[in-house]
Amino acid sequence: MRITSKGQVTIPQAIREKAELLPHTEVEFEYIRGQVILKRAAPRKPEPGWAIAALENARGSMTEFHGWTTEQIMEFLRGED
């Protein structure tokens with residue numbers, strides 16, 4: 001296996017599966033006694049107020065459904081006639 005000119009390397013599929021490294025998994029590297037160690041990064045704690053921020057970002061995004069009932073919206077999203 002070679003490192004590309006951009007410093008990239010492909011982790012073999014068998015290792016990704018055993019380590020449960022899915023796309024977009026955060027990882028960290030450590031250099032210990034001549035070895036490069038790859039480990040999964042600790043999950044980040046959500047910042048205070050993240051839920052309110054998410055709701056604020058979503059506000060107004062469903063204006064096309066104004067006046068619809070929940071059942072009407074669900075039928076539309078499912079593609080039901």
Side-chain angles (χ1 to χ4, degrees):
M1 184 175 311
R2 294 179 194 251
I3 297 174
T4 69
S5 61
K6 293 183 179 182
Q8 299 170 333
V9 64
T10 300
I11 303 169
Q13 183 176 354
I15 293 173
R16 290 193 318 265
E17 289 173 357
K18 285 181 184 177
E20 297 179 4
L21 297 174
L22 301 173
H24 310 292
T25 300
E26 293 285 331
V27 296
E28 295 176 350
F29 293 91
E30 279 189 43
Y31 183 78
I32 301 174
R33 295 188 207 114
Q35 293 185 348
V36 177
I37 309 295
L38 169 85
K39 61 182 186 176
R40 191 182 317 238
R44 295 181 184 163
K45 291 183 178 179
E47 295 190 20
W50 70 270
I52 293 172
L55 290 172
E56 287 294 328
N57 287 339
R59 179 174 283 159
S61 62
M62 294 193 55
T63 54
E64 66 185 273
F65 299 112
H66 182 71
W68 289 31
T69 66
T70 302
E71 189 61 34
Q72 289 171 320
I73 294 171
M74 294 306 295
E75 287 175 5
F76 173 79
L77 294 174
R78 291 183 190 127
E80 297 173 0
D81 292 329

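Since this is a predicted model, take the numbers as computed values, not measurements.
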- request: Heavy atoms only: give me the nearest Thr25-Glu20 pair and the separation to one decimal.
  value: OG1-O, 4.5 Å
- request: For Ile37, look at atom CD1 and say whether over 12 heavy atoms of other residues, nucleotides or ligands are found less than 6.0 Å away.
  value: yes
message: Count I, L, V, M, F, W, Y as connected when their side-chain heavy atoms are under 4.5 Å apart, and connections chain through other members. Are Leu38 and Ile32 then in the same cluster?
response: no
query: Do you know the tightest heavy-atom contact between Gln72 and Gly67?
result: OE1-O, 4.3 Å
query: Taking atom CD of Gln13 as the centre, does the number of heavy atoms from other residues, nucleotides or ligands within less than 6.0 Å exceed 12?
result: no
message: Are more than 12 heavy atoms, taken from residues, nucleotides or ligands other than Gln35, located less than 6.0 Å from that residue's CD atom?
response: no
task: Output the distance between atom CZ (Phe76) and atom CH2 (Trp68), rounded to the nearest 0.5 Å.
output: 5.5 Å
field: Point-to-point distance, once rounded to the nearest 0.5 Å, from OG1 of Thr69 to CD of Glu75
entry: 7.0 Å
field: salt bridge (Lys or Arg N to Asp or Glu O under 4.0 Å) involving Glu30 - partner list, sequence neighbours excluded
entry: Lys39
statement: To the nearest 0.5 Å, atom CG of Leu22 lies from atom CD of Glu17 at 10.0 Å
query: Can you hop from Ile15 to Val36 via hydrophobic side chains spaced under 4.5 Å?
result: yes
field: Shared hydrophobic cluster, Ile3 / Ile11 (ILVMFWY, side-chain heavy atoms < 4.5 Å)
entry: no
- line: Taking every heavy atom of Thr10 against every heavy atom of Met1, the minimum-distance pair comes out as O-SD, 3.2 Å
